[in-house]
Structure formats: structure tokens, C-alpha cells
Amino acid sequence: MFYTILDFPLGQIFLAKSNKGLSVASFIKNKRQIKEITDFFKNKDIPLEPNLKKFQEETKLFARYFSGKKEDFTSLHLDFISGTPFQRRVWLETRKIPYGKTSSYKSLARKLKNRGYRSIGQALSRNPLLIVIPCHRVLSSDGSLGGFSAGLKLKEFLLRLEKNQLQA
DNA sequence: TACATAAGAATAG
DNA sequence: CTATTCTTATGTA
């Protein structure tokens with residue numbers, strides 16, 4: 001498993017990938033989070049190796065995304081290292097939300113499990129692939145932001161980024 | 001409209 | 001089993 005750390009306007013992103021695809025794209029706001037993530041791999045007995053070169057494609061896409069250009073990350077292959085079948089279904093469904101559009105926990109729940117709104121939220125809170133899986137495009141049914149474990153500021157930032165794209 | 005509370009699905013400990 | 005979660009629906013004022 002290879003990893004690198006990417007700078008972006010609000011902080012840094014920890015990226016990890018196997019030879020099969022991207023596994024982690026996690027927002028980090030302090031050193032402690034880096035340790036949490038590396039410990040996670042240690043517990044799973046997965047060796048981590050820093051390697052920036054392995055992320056040429058990803059860094060390019062992220063740079064384009066943060067510069068305000070439309071970027072869906074749909075070309076990236078993913079390799080889930082964690083997550084139950086249910087969570088993966090939620091993540092894949094979330095990934096279908098197009099750039100600049102938003103959905104709600106309710107409508108996702110309708111597709112997967114009729115009244116599992118909260119389980120949807122819980123599954124998204126465990127989203128290992130921030131931005132790649134656009135969990136920030138999922139809002140409460142009344143249009144308010146709802147919650148966001150990585151920080152509402154980040155959610156707002158991402159939404160505004162995509163909104164500006166629509167106006168341009 | 002605003003606020004408290006219940007309901008409901010899945011997961012982690 | 002209990003607590004927790006990026007929710008929603010309902011009741012009450």
C-alpha cells in the first residue's frame with residue numbers, strides 16, 4: 001500500500017492506494033489524524049510506503065478539482081479496504097451524484113432501504129474517500145447542510161467550489 | 001416557525 | 001445489549 005499527503009486550500013489530504021486502486025482520501029487537520037490513519041493500516045497488518053510518484057493521476061485530478069474545474073474522479077479505480085456491503089452500496093450510490101448537484105439522505109434511503117436515513121448518514125460518515133465519493137453533495141431533505149464529520153467548513157467549501165463552477 | 005421527541009437501519013464496542 | 005450516527009416525521013405551542 002502506497003501513500004502520500006496532498007496539500008489543499010483548507011489543509012491536507014492523506015491518500016493511500018493499493019495496486020488495485022485508491023483506498024483512502026482522508027481530510028487531516030492535525031498530526032494526530034495522520035497517526036490514526038497509519039495505525040489503522042498497522043492494525044490491519046498492511047505495510048505503508050510513501051511514494052509520491054504513484055499518485056501522479058490523483059494529484060492531477062485533485063489539483064484540477066481545487067482550481068474550480070469540473071472533475072468527477074469517475075476515472076479513478078477504487079479499492080475499498082474497509083466497509084460493509086451496505087456501506088459500499090451507499091458509497092457507490094453517492095458517487096453517482098453528478099458534479100454540482102446535491103441529493104438527500106432520504107432519496108438515497110429510498111433507493112437502498114426505505115427508512116434507513118440514519119444508517120445512510122452513518123455509512124457516509126465512514127466514507128474513506130473524501131471528495132472522490134462526494135458525500136458533501138448529500139444534504140438534509142430540507143436543503144440544509146446536515147452534519148459532516150470532517151467539518152462543516154469543508155463541506156461548505158466543497159459545495160461553494162462546485163456552485164461557482166455552475167455559474168461560470 | 002421552532003423546538004422536543006420518537007422512529008428506524010446499520011455498525012462498533 | 002447499548003450507544004452512536006453527515007436523518008426524518010410527528011406532535012405541540
Side-chain angles (χ1 to χ4, degrees), chain A residues 1 5-6 8-16 18 21-30 32-46 48 58 61-62 65-66 68 70-74 76 78-166:
Chain A
M1 189 72 79
I5 292 177
L6 191 69
F8 87 111
L10 262 63
Q12 294 179 309
I13 298 174
F14 183 97
L15 295 178
S18 68
L22 196 62
S23 297
V24 176
S26 177
F27 176 62
I28 48 180
K29 36 187 184 297
N30 52 45
R32 188 173 52 83
Q33 294 232 326
I34 298 179
K35 190 179 181 333
E36 272 175 25
I37 296 170
T38 52
D39 280 349
F40 173 79
F41 284 104
K42 205 189 292 177
N43 287 337
K44 279 199 170 301
D45 219 25
I46 299 174
L48 271 179
E58 286 82 359
L61 293 181
F62 275 104
Y65 180 82
F66 286 121
K70 178 170 151 62
E71 183 54 64
D72 270 318
F73 298 97
T74 46
L76 287 181
L78 306 183
D79 179 24
F80 294 120
I81 51 171
S82 68
T84 63
F86 172 76
Q87 289 172 342
R88 294 183 190 190
R89 260 186 290 153
V90 174
W91 296 337
L92 290 178
E93 200 63 39
T94 304
R95 207 185 178 201
K96 293 182 190 165
I97 304 174
Y99 188 100
K101 290 230 170 167
T102 59
S103 188
S104 68
Y105 302 96
K106 182 183 173 183
S107 64
L108 286 180
R110 197 167 295 274
K111 287 200 183 86
L112 301 173
K113 198 76 180 177
N114 217 348
R115 302 226 172 73
Y117 340 95
R118 298 192 81 183
S119 49
I120 301 286
Q122 193 236 182
L124 288 179
S125 77
R126 301 194 179 285
N127 172 18
L129 289 158
L130 194 62
I131 299 173
V132 179
I133 292 173
C135 45
H136 56 277
R137 291 182 199 141
V138 184
L139 311 178
S140 297
S141 63
D142 63 356
S144 61
L145 287 185
F148 201 60
S149 65
L152 275 175
K153 258 197 328 197
L154 179 63
K155 187 170 188 174
E156 241 181 310
F157 172 80
L158 296 173
L159 287 172
R160 204 181 51 212
L161 190 69
E162 302 190 357
K163 199 166 147 196
N164 290 343
Q165 167 66 27
L166 285 186

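Below, chains carry the letters A, B, ... as their sequence lines are ordered, and counting in each starts from 1.
Judged as a ring-ring contact (aromatic ring centres under 6.0 Å, His included), and not counting sequence neighbours, the contacts of A:Phe14 are A:Tyr3. Partners of A:Asp39 by salt bridge (Lys or Arg N to Asp or Glu O under 4.0 Å), not counting sequence neighbours, listed by chain and number: A:Lys35, A:Lys42.
In this structure a side-chain-to-backbone donor-acceptor pair under 3.5 Å is missing from A:Asn164 to A:Gly68. Counting only distance, with no hydrogens or angles, the side chain of A:Glu156 and the backbone of A:Lys153 share no donor-acceptor pair below 3.5 Å.
The existence of a salt bridge linking A:Arg89 and A:Glu93 is excluded, since no basic side-chain nitrogen approaches an acidic carboxylate oxygen closer than 4.0 Å.
To the nearest 0.5 Å, atom CG of residue A:Leu154 and atom CG of residue A:Leu10 are 6.0 Å apart.
Spacing between atom CG of A:Asn114 and atom C1' of B:dA7 amounts to 13 Å, rounded to whole angstrom units. Rounded to an integer number of Å, the gap from A:Asp142 CG to C:dT7 C1' is 10 Å. Between the CD atom of A:Gln87 and the P atom of B:dA10 there is a distance of 11 Å, rounded to whole Å.
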Pairs under 3.5 angstrom, nitrogen or oxygen only, protein versus nucleotides 3-6 of chain C, please.
| from | atom 1 | to | atom 2 | distance (Å) |
| --- | --- | --- | --- | --- |
| C:dT5 | O2 | A:Arg118 | O | 3.4 |
| C:dT5 | O4 | A:Arg118 | NH1 | 3.4 |
| C:dC6 | O4' | A:Gly147 | O | 2.8 |
| C:dC6 | O4' | A:Phe148 | N | 3.2 |
| C:dC6 | N1 | A:Gly147 | O | 3.4 |
| C:dC6 | O2 | A:Tyr105 | OH | 2.6 |

Polar pairs (N or O, both sides) under 3.5 Å between protein and nucleotides 9-13 of chain C?
| from | atom 1 | to | atom 2 | distance (Å) |
| --- | --- | --- | --- | --- |
| C:dA9 | OP1 | A:Lys106 | NZ | 3.0 |

Pairing pattern in dot-bracket form [Watson-Crick, G-U; both distances under 3.5 Å; | = partner strand] for DNA chain C | |||||.|||||||
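Between A:Phe73 and A:Phe62, the two ring planes are tilted [angle within 30° to 60°]. The aromatic rings of A:Phe66 and A:Phe8 sit tilted, their planes meeting at an angle between 30° and 60°.
The shortest distance between the side-chain N/O atoms of A:Ser140 and the OP1/OP2 oxygens of C:dT8 is below 4.0 Å.
Annotation for A:Lys29: atom NZ counts as buried by contact number, over 12 foreign heavy atoms lying within 6.0 Å.
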Identify each donor-acceptor pair in which a side-chain atom of residues 137-147 of chain A lies under 3.5 Å from a protein atom, sequence neighbours left out, and give them as a table.
| from | atom 1 | to | atom 2 | distance (Å) |
| --- | --- | --- | --- | --- |
| A:Arg137 | NE | A:Glu162 | OE1 | 2.9 |
| A:Arg137 | NE | A:Glu162 | OE2 | 3.2 |
| A:Arg137 | NH1 | A:Ile97 | O | 2.8 |
| A:Arg137 | NH2 | A:Glu162 | OE2 | 3.0 |
| A:Asp142 | OD1 | A:Ser144 | N | 3.1 |
| A:Asp142 | OD1 | A:Ser144 | OG | 2.8 |

